[in-house]
Amino acid sequence: MIAIRFPKVALMAGMALLVIGLPVLADELRGTVKSVDANNSRMVVHDELAQRDVVVNFNRLTTLKSGDHSLSTLKDLRPGAHVLSIIDSLTASKVTVEETRAVAADKEQARSILAEFWYNFRHNLFKPLLLFFYLGFLVPILRVHFEFPYVMYQALTIYLLIAIGWHGGEELAHLEAGSIRSIAGFMVLGFMTNIVIGIFAYSILRAATRMRRIDQATVAGYYGSDSAGTFVTALGVLTTAHIRYGAYMPVMLAVMEIPGCLVALFLVARLRNSGMDALGNMPDEPGYDPGATLPKTIVGQPGHHAETKHEAEVESELEMALEKMDHPDLNDNGNGEKKPAVFSGKLLHEVFLNTGLYLLFGGIIIGLISGLQGPEVTRADDSFFVTLFQGVLCLFLLEMGMTASRKLRDLRSAGWPFVAFGILAPNLFATVGILVAHVYSYMTGTPFELGTYVLFSVLCGAASYIAVPAVQRLAIPEASPTLPLAASLGLTFSYNVTIGIPVYMEIAKAVMRNFPVA
């Protein structure tokens with residue numbers, strides 16, 4: 001420790017300066033010596049009281065005492081030394097305290113971070129991708145008579161899934177064999193992270209909302225999964241900004257889609273074992289009827305026609321589920337009562353071999369095999385799957401904007417806590433994802449690229465609108481078909497693609513900068 005003491009004359013001068021509003025020194029500065037510049041008669045001290053670095057300037061030094069040792073010059077003082085006192089007849093005019101270059105650099109860096117965030121935020125808001133999203137979002141608001149053809153939406157979705165897989169497979173072909181182990185570990189970590197996020201989302205919804213528990217469990221499953229639409233939008237943003245990312249991230253998209261389905265099924269199984277009726281009501285919830293049964297006609301069956309607004313909404317969700325397949329009745333006991341099985345063979349097939357996963361994995365495998373054969377094999381296909389990707393993504397976001405805008409109307413009966421969850425939860429879960437990825441990177445000594453952090457945060461902070469709705473249709477018909485999609489599409493998807501991605505990018509930069517991985 002050091003102590004710089006001033007005579008009474010200096011203190012009186014300091015008080016006079018204080019009266020006229022000029023900066024002055026306290027009568028004592030305590031701290032640890034960080035550096036010494038003997039040539040310029042100054043030293044840097046960490047002021048323990050103010051918690052900042054200061055520079056002490058003086059013209060002459062007669063005696064400097066460190067413990068039992070007397071030092072004749074500043075050259076004898078070493079950084080980190082516990083100096084007890086400096087003895088000299090210093091005056092206020094000869095001693096000044098000023099910011100170090102490090103402090104000034106930190107302030108400048110803070111200003112540059114805010115400026116960079118503001119630039120990225122504004123720049124991202126007016127990219128063609130987002131402009132097409134806004135264009136679609138305004139269609140229902142302005143009551144424009146335009147319907148995006150379902151067949152075209154399905155074609156765009158198929159293209160994007162295969163294109164993501166194709167390009168990811170090509171990049172996987174160039175990975176070094178030594179990195180496969182760390183990548184596999186990262187994928188397992190991503191799978192477990194989304195399971196924890198799903199359970200965490202259920203806990204938040206239980207504490208903050210008054211929704212039925214069956215709906216809380218279903219929404220938790222949506223947020224424990226990921227969103228292919230948000231992922232492809234993030235890919236478009238990173239590609240436009242020329243930000244690199246791990247070639248294996250498309251595989252991570254497929255891996256992290258599954259946990260939400262499993263979380264929803266697990267939570268619903270617990271509710272059914274706790275006495276939930278056939279309509280999805282628990283014994284302590286309004287409308288509980290232990291004798292209730294599901295309708296004889298399952299919505300979405302061949303030949304079924306929507307007779308109510310509720311059934312019409314369910315039918316519209318079948319369009320969003322991508323497959324639009326015929327699914328036979330599950331566990332029909334012969335009297336018309338349908339009780340869907342949890343973790344049945346048909347359901348597990350839907351979880352692990354749904355259309356989205358099949359196309360994504362298929363594209364990855366084809367791209368990998370083709371990439372191993374060299375660029376002369378992939379060059380022709382790249383012109384379709386890579387070059388046209390951005391344009392097709394713009395059309396896809398046009399449709400997604402229309403759907404998200406329509407889903408917002410379903411939130412009127414959900415309550416403000418649920419609306420707040422749909423906006424705030426992505427920030428929480430994405431930040432958790434960034435921290436989890438960085439801890440893994442730090443522990444394994446495997447540096448991740450900025451784009452990898454951004455994509456992983458998007459996979460953690462997004463909510464499903466394809467895989468989990470398909471599972472819900474099969475195994476959880478008791479749950480609301482509109483509330484989960486209203487949150488995942490109307491709120492979370494809209495937030496992520498407009499504001500969330502640049503926010504996550506800046507969080508990832510801050511973590512990488514302040515806690516670098518060797």
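Note that the structure is a prediction, hence the values are computed from the model and not measured. Hydrogens, waters and symmetry mates are skipped; everything else that's a heavy atom, side chains included, is used.
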Handout entry: Test item: side-chain donor near acceptor, Thr209 and Gln216, under 3.5 Å
Key = yes
Completion exercise
Sequence neighbours excluded, the answer for side chain to side chain contact (heavy atoms under 4.5 Å, CB included) partners of Thr193 is Leu189, Ile197, Val436, Phe456, Cys460
Exercise for the section: Specify the closest pair of heavy atoms between Phe493 and Phe133, including all atoms of both residues, with the distance to one decimal. Expected result: CE2-CE1, 3.4 Å
Practice task
Step by step, work out the side chain to side chain contact (heavy atoms under 4.5 Å, CB included) result for Trp166 and Asp382.
Solution key: CA-CA 9 Å; Trp166 167 270; Asp382 282 345; 2.9 Å; yes
Handout entry: Glu478/Arg272 ion pair, N-O < 4.0 Å
Key = yes
Exercise for the section: For this output row, return yes or no: ring centroids of Phe385 and His167 closer than 6.0 angstrom. Expected result: no
Exercise for the section: Assess the pair Phe515 and Tyr442: is the distance between their ring centroids shorter than 6.0 Å? Expected result: no
Practice task
Decide yes or no on side chain to side chain contact (heavy atoms under 4.5 Å, CB included) for Thr403 and Phe137, but give the supporting numbers first.
Solution key: CA-CA 8 Å; Thr403 304; Phe137 196 88; over 6 Å; no
Handout entry: Side chains of Tyr504 and Asn427, donor plus acceptor under 3.5 Å
Key = no
Exercise for the section: Answer yes or no: is there a donor N or O on one side and an acceptor on the other, between the side chain of Ser225 and the main chain of Tyr222, under 3.5 Å? Expected result: no
Fill in the blank from the handout: For Val196, the side chain to side chain contact (heavy atoms under 4.5 Å, CB included) test, sequence neighbours excluded, returns none
Handout entry: Minimum side-chain heavy-atom gap Arg213-Arg270 below 4.5 Å
Key = no
Side-chain donor/acceptor pairs under 3.5 Å, residues 245-263, sequence neighbours excluded:
none

